[in-house]
Structure formats: C-alpha cells, structure tokens
2 protein chains.
Amino acid sequence: MNIKEIARRARVSHSTVSRVINNVETVDPRLVRRVQAVIEEVGYRPNFQARALARGRSHTVGLIVSELSGGNPFFSEIILYFERAAVESGYEVLISFADTEVRPDHVAICATRMQERQVEGIAVLTFGMEHYLQNCAIDVPMVYAGADNVLKNSRNIRMNYLTGMRDAVKHLADYGHQRIGYLSGQLSWSSMLTRFEAFRKAMKSAGMVFDKELVAEFDHTWDGGALGMASLLNLPKPPSAVLCCNDVSAIGALKTLNSKGLQAGRDMALIGFDDLTMCRFTQPALTTIRFSPSEIAGLAFRALLEEIENAENKTQYEYKTRFILRESTCAPKL
Amino acid sequence: MNIKEIARRARVSHSTVSRVINNVETVDPRLVRRVQAVIEEVGYRPNFQARALARGRSHTVGLIVSELSGGNPFFSEIILYFERAAVESGYEVLISFADTEVRPDHVAICATRMQERQVEGIAVLTFGMEHYLQNCAIDVPMVYAGADNVLKNSRNIRMNYLTGMRDAVKHLADYGHQRIGYLSGQLSWSSMLTRFEAFRKAMKSAGMVFDKELVAEFDHTWDGGALGMASLLNLPKPPSAVLCCNDVSAIGALKTLNSKGLQAGRDMALIGFDDLTMCRFTQPALTTIRFSPSEIAGLAFRALLEEIENAENKTQYEYKTRFILRESTCAPKL
DNA sequence: TTGTAGGCGTTATCAG
DNA sequence: CTGATAACGCCTACAA
C-alpha cells in the first residue's frame with residue numbers, strides 16, 4: 001500500500017495525498033476527508049525510509065554504549081532515558097554496544113554502520129573510549145560525555161566528577177579516616193582515569209595523604225570489585241575506608257567483606273559511584289556518588305539535538321556528581 | 001557523495017559502481033580496481049535507506065521491551081544479546097520501551113512506529129503485554145516470548161516456567177517447609193500470572209498445600225518486593241519460605257528481612273527468579289530460577305529470523321527454566 | 001487549490 | 001561485461 005494507491009482510491013493525485021499526510025493547510029477540506037477516509041480504511045502508514053530519502057532527513061539518531069557493561073543497570077537506564085527523550089522529539093534510536101574491551105576499534109565500526117543508516121547524529125556514551133573514533137571519518141554531529149579531547153564536529157558534555165568526590169572524601173575525613181583506599185576499574189579507560197584523578201584531587205584538597213598502595217586496579221564489574229576488595233584486605237595495613245569507581249564494583253566489594261565476616265558501615269566505610277536504583281537495596285544501603293544515567297542521557301540527547309538542528313546558542317552542558325549519604329560508611333575501626 | 005558521483009570520477013556508469021559495491025562477479029577486474037580506488041579515496045559509504053527502498057528490504061528489526069523494568073538489568077541483557085545476534089546476521093535493531101504500566105496501548109504504538117520504519121519483524125519481549133497488540137494491524141512477522149495466545153502471523157517462544165519452579169518447590173519441600181509463600185508482581189501481567197500458576201502447579205505436584213493467604217501481589221520491582229515481604233511478615237503466621245516472581249523483587253524482599261533483623265538462608269528461605277548476574281553478589285547469594293536473558297534473546301532473534309526468511313522447517317523453540325542453588329535457602333525456622 | 005514532472009540514492013532489467 | 005532506463009515510495013517545485 002502506497003501513496004499512489006491511496007490517490008487512486010480517493011480519486012485525487014498522489015501529491016494531494018502527500019499534502020494531506022503532511023497536514024498542508026491549503027487542501028480542500030472535502031478532499032482531506034476523502035483521503036483520510038481511504039487512509040483509515042486501508043490502514044495506510046507512510047514509508048519512513050522513502051520519506052527520509054526524499055527529505056534528506058532520517059529522523060534517527062545513534063546511541064553507542066559499551067558492551068562490557070551489558071549486565072550493568074547503569075547502561076540499561078542510559079538507554080531507556082535516551083530513547084524516551086528521542087521519541088519525544090520525534091527521533092528513533094539505533095543502538096549499538098561497542099565491544100571496547102576486545103576490539104578497541106569496534107566503536108568506530110558501530111559509528112560507521114550507523115552513518116550508513118543515515119543517522120543524523122550519534123551519542124557516544126562509553127565514558128572513555130571516544131579516542132578510538134579519532135581517525136574515523138564520521139561526518140554527522142557527535143556527542144560524548146566525559147571525554148578528554150573533543151574531536152571536531154562534536155560536542156562533549158563535561159562530567160564534573162570532583163563535586164561529588166570532594167564531598168565523599170570530606171565525609172570520610174570528618175569521620176577521622178586516615179587510610180582511604182580506592183577501588184578502580186582499568187585506568188586505560190579514560191573515564192576510570194578521570195574518576196581516579198578526581199579522587200586524588202579531592203584527597204589533596206581535603207588535606208589527606210594519598211597512598212598509592214591503597215589503590216586496587218581491577219575492572220569495574222562485580223567480580224572486579226570483589227577481587228579488588230580482597231586485594232586491599234590482604235594488605236599489611238588495609239584501608240579503613242574505600243571509595244569505588246562504580247556501584248557495581250562496590251557491590252562486589254560488599255560481597256568480599258561479608259565473606260570475611262566484615263560489614264560495611266561497621267567495620268569499613270564503603271562508598272560507590274553512580275547511584276543505581278539498587279543501592280537502596282544492598283545491605284547496608286550503599287552510600288554513593290550520584291552520576292545519574294537518566295540526567296546524563298537527557299543532557300546527551302539535548303546536546304545532540306542542538307548540534308543536529310544547529311541551534312543558535314549551544315549550551316555547554318556540565319553534569320555535576322553529588323554525594324549521596326546512606327548507610328555504608330562509619331568511623332574508622334580501631 | 002553518492003553512486004553517481006563515484007561513477008563520474010571513475011569514468012564508468014553508476015550501474016557498474018553498484019555492481020562493484022555488491023560484489024557482482026562479472027565486472028572487469030580493472031574497472032573494479034578503478035572504482036574501489038575512488039570509493040576509498042572519497043570515503044564513500046552506500047546509503048542504506050536508498051538501498052532498502054530499492055531492494056524492498058530494510059534489514060532492520062524491532063525490539064520492544066517494557067519500560068517499567070528500565071532499571072531492571074534483566075532487560076539490559078535482553079537488549080544486549082538481541083542486538084548482538086541481530087548484528088551478526090546483518091540486521092540493525094530499533095528499540096522501544098513500552099510504557100505498559102500507564103498506557104496499555106503503548107505497545108501497539110511502538111509496533112506501529114516500527115512498522116512505519118519498515119522493520120522486517122518485531123520481537124515483543126515484554127513477557128505478558130502481548131494481548132494489547134490484538135487489534136492493531138501489524139503486517140510484519142512478530143515473535144513473543146511466553147505469551148498465552150498467539151496472534152496470526154506471529155510466533156511464540158514457549159516459556160517453561162514449570163521445570164525450574166518444580167525443582168525449587170521440591171528443594172523447599174525436602175527441607176521440610178510447610179508454609180511456602182509467593183511474592184508476585186501484578187497478576188494482570190500474563191507473565192506474572194503464568195509464573196504464579198506454575199508455582200501452584202509445582203506445589204500441587206509436590207503434594208504441598210497451597211495457601212492463598214501466603215501470596216502477596218505487589219509489583220515486580222525492588223520496592224514491590226520490599227513491600228510484599230513486609231506484608232508477608234505481618235501475617236499472623238508468616239511463611240517459612242518465599243518464592244519471588246523475579247530477582248529484583250527478591251532483592252527488595254531481602255532488604256525488608258534485613259531491616260527486621262532476619263536473614264535469608266537462616267531465618268527464612270528465599271528464592272528468586274531470573275538469575276541476574278547480581279544474584280551472586282547479594283548477601284546471601286540468591287538461590288534462584290534461571291530465566292536467562294541472553295538465551296531468551298538469542299532464541300527470540302533466531303525465531304524472528306526464521307519467520308522473516310520464511311524458513312522451511314520452523315523450530316518450535318521452548319525455553320526451560322532451571323533451579324539454581326545458592327545460599328538463600330534453609331530449613332524452616334521453628 | 002490541484003496535478004504533473006522530476007528527484008532523493010539505490011537496485012534491477014534490459015539491450016547492446 | 002557494460003550502460004541506459006525504469007523502478008522503489010515519497011516530497012516539492014512549478015505549472016495549470
């Protein structure tokens with residue numbers, strides 16, 4: 001079923017049908033009704049591809065997230081809220097999981113595939129794999145989040161890790177902690193590095209001594225967190241408080257603590273990062289640094305839209321993390 | 001940059017360029033090289049939309065999941081594995097979150113939108129909202145999972161909830177539990193109803209008495225689980241074991257138990273459903289019934305592909321749940 | 001206000 | 001083996 005068939009049945013030209021579909025004002029109301037009746041009757045829906053081709057606009061945007069985090073609810077929420085924002089503005093979203101772990105160039109492959117699909121813009125929310133796109137010729141607007149260097153034709157949403165990190169460290173300092181550990185994902189990921197550096201900076205500005213020994217670098221998964229905490233506990237002098245690079249690894253760390261008969265919020269202070277819904281349901285409820293997927297996804301889409309529609313005054317978006325106090329911290333145990 | 005421009009630069013007709021792009025064997029190797037050189041030089045990539053229009057195939061499929069579960073890692077994994085399977089077979093995936101909670105007809109809206117985009121098939125993995133599609137004219141193949149009634153032009157992947165449920169109940173019976181409770185999501189969701197019925201059937205075949213009082217119907221979220229467990233604990237005679245409709249609600253239930261100073265695996269036996277990665281990291285590790293998102297997503301895509309390509313012998317896929325023993329069960333506490 | 005003709009970037013069918 | 005030419009379904013001048 002197509003526009004011509006509708007035209008034939010309604011005894012008008014296909015241009016008229018096109019006008020009706022696109023709500024052009026100047027069509028005779030009687031024709032409008034006649035055409036709409038036929039459309040209704042046969043259940044016709046315009047072919048988006050053809051429309052896109054003719055108009056030169058696909059009304060589709062791409063979203064790339066990283067695959068490693070497939071089981072990570074953080075990305076689940078990113079996708080949900082990005083899609084919602086897109087649909088609200090009349091866009092559809094094509095999604096790709098970049099296997100950044102095994103194939104660093106996979107981000108570029110995904111982006112290229114999307115471009116062939118004529119997406120009008122791409123949001124790369126991998127938080128630290130963006131540099132792999134450097135030598136890949138994408139000519140649609142792109143938006144990153146928390147990238148360190150911004151390519152041309154693209155936009156970066158600044159991630160202020162420091163705001164939340166500073167309050168977290170201050171909170172621990174107020175409790176009297178001297179030995180604050182850090183559980184990191186792989187520092188080759190720029191977002192992991194950035195978080196880590198924010199941590200160091202926060203330590204410094206709180207007047208705390210930073211001890212390299214107290215940093216465990218594993219990966220930002222459940223297992224990574226569990227292993228990392230185990231390695232920290234194995235130190236001759238373990239930390240009395242640990243800040244984690246994300247909630248998922250903090251939950252892994254929680255597991256290790258429990259298996260040793262220790263409890264966060266009593267025997268050790270533990271702080272996560274992201275503020276997943278789940279944090280309220282861990283035992284104890286996880287104190288964390290909010291890095292809201294819904295807000296970030298929203299900002300990313302808005303920025304992308306500005307870029308696509310070449311908005312006059314482009315906002316420089318910045319997302320500020322913030323400290324969320326729950327129950328997993330305590331004074332240092334003697 | 002398009003096929004004609006390439007043709008001009010390579011001094012051939014655009015048909016020849018098209019042949020080169022599509023690896024047609026019969027082209028003079030010298031021309032092939034000349035064309036490829038130009039393509040390489042200008043970084044040309046074919047326009048998928050135009051191609052889809054000409055070929056009458058979009059090589060795109062739709063995936064609808066339910067929005068309520070946005071923060072639920074289960075769907076995050078569904079999306080990941082579905083996308084991966086699709087890309088492997090040369091398809092792209094358009095994703096939609098159906099807001100089944102607030103707008104029951106939203107599934108139909110999503111499906112319609114997808115059809116306008118010329119998807120070649122749609123997988124509806126909402127596990128129980130399929131009936132809302134009944135009076136909506138979609139004319140591409142669809143695949144459901146665990147739907148009760150199958151519409152025409154569509155396929156259902158049978159979900160065998162019973163296999164896992166039976167072993168779970170048997171496990172509890174072996175421990176000597178007499179009062180087994182059930183924590184359900186809203187029974188208006190057919191998947192929730194089906195799970196519940198599987199539970200009853202399992203109880204029956206284990207020779208257990210089913211007590212309606214021990215069923216709490218909230219919703220299958222963290223909060224729903226927490227509230228549900230609270231209501232069960234408030235009963236004059238609370239159950240000694242509880243089976244939950246999914247892991248997320250089981251984790252919520254865990255929270256309530258903890259807040260009352262009770263511990264699953266010591267004071268009460270608790271069993272989840274889904275087997276999220278996270279189950280290994282709850283405290284205690286959650287015994288559950290495996291309902292693997294990766295396997296289900298894989299089956300769904302395979303079935304959809306068969307439907308799209310009109311395969312000769314269509315497989316009747318069935319997914320069998322299975323019991324996964326961890327640490328959250330115990331004998332009934334006296 | 002309506003219809004005709006041409007174009008969007010491809011593929012596919014023919015002659016040559 | 002190659003190159004016109006006509007689709008695919010829709011939009012959009014421009015002409016009537």
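All values derive from a computational prediction rather than experimental measurement. Reminder, nothing fancy here: chain letters follow the sequence lines and each chain counts from 1.
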Which side-chain N or O atoms in residues 106-117 of chain A pair as donor and acceptor under 3.5 Å with protein atoms at least two apart or in another chain?
unit_1	atom_1	unit_2	atom_2	d
A:H106	ND1	A:D99	N	2.7
A:T112	OG1	A:A108	O	2.7
A:R113	NE	B:E92	OE1	3.2
A:R113	NE	B:E92	OE2	3.3
A:R113	NH2	A:S96	OG	3.0
A:R113	NH2	B:E92	OE2	3.1
A:Q115	OE1	A:D139	N	2.6
A:E116	OE2	B:R45	NH1	2.7
A:R117	NH1	B:S58	O	3.2
A:R117	NH1	B:H59	O	3.4
A:R117	NH1	B:T60	OG1	2.9
A:R117	NH2	B:H59	O	3.2

Throw together a table of side-chain donor-acceptor distances under 3.5 angstrom for residues 25-34 of chain A, partners on residues two or more places apart or in other chains.
unit_1	atom_1	unit_2	atom_2	d
A:D28	OD1	A:R30	N	2.7
A:R34	NE	A:A10	O	3.0
A:R34	NH2	A:A10	O	3.0
A:R34	NH2	A:R11	O	3.1

Under the salt bridge (Lys or Arg N to Asp or Glu O under 4.0 Å) rule, collect the residues that match up with [X], sequence neighbours excluded.
| X | value |
| --- | --- |
| B:E309 | none |
| A:R84 | B:E67 |
| A:K4 | none |
| A:E41 | none |

Query raised in the report: Do other residues, nucleotides or ligands put more than 12 heavy atoms under 6.0 Å from A:E40 CD?
Result: no

Query raised in the report: Please give, in whole Å, the distance from C:dT2 C1' to A:R8 CZ?
Result: 19 Å

Query raised in the report: In whole Å, what is the span from the CG atom of A:D28 to the C1' atom of C:dG3?
Result: 14 Å

Query raised in the report: Is there side-chain contact between B:I21 and B:I6, with at least one heavy-atom pair below 4.5 Å?
Result: no

Query - Segment of DNA chain D, first to last nucleotide, that comes within the 4.0 Å heavy-atom reach of chain A - result: D:dG9 to D:dA13

Requested in this report: Go through residues 41-62 of chain B and report each residue with a non-hydrogen atom lying under 4.0 Å from DNA chain D, sorted by number.
Outcome: B:L53, B:A54

Requested in this report: Using heavy atoms and a sub-4.0 Å distance, could you list which residues of residues 12-25 of chain B are near DNA chain D? By number, please.
Outcome: B:V12, B:S13, B:H14, B:S15, B:T16, B:R19

Report task. List the steps, then state whether side-chain contact (heavy atoms from CB on, under 4.5 Å) holds for B:I122 with B:V140. Result -> CA-CA 7 Å; B:I122 304 179; B:V140 297; 4.0 Å; yes

**Report entry** the helix from C:dT1-D:dA16 to C:dG16-D:dC1: angle between end helix axes, five pairs per end, rounded to 10 degrees
**Finding:** 50°

Requested in this report: Report the distance from atom CD of A:E307 to atom OG of A:S154, rounding to the nearest 0.5 Å.
Outcome: 8.0 Å

Requested in this report: Test A:Y317 against every option in A:M159, A:R155, A:R158 by the side chain to side chain contact (heavy atoms under 4.5 Å, CB included) rule and name the one that passes.
Outcome: A:R155

Report task. Sequence neighbours left out, what passes side chain to side chain donor-acceptor pair (under 3.5 Å) with A:Q186? Give chain and number order. Result -> none

Query raised in the report: Sequence neighbours excluded, which residues qualify as side chain to side chain donor-acceptor pair (under 3.5 Å) partners of B:Y91?
Result: B:R57

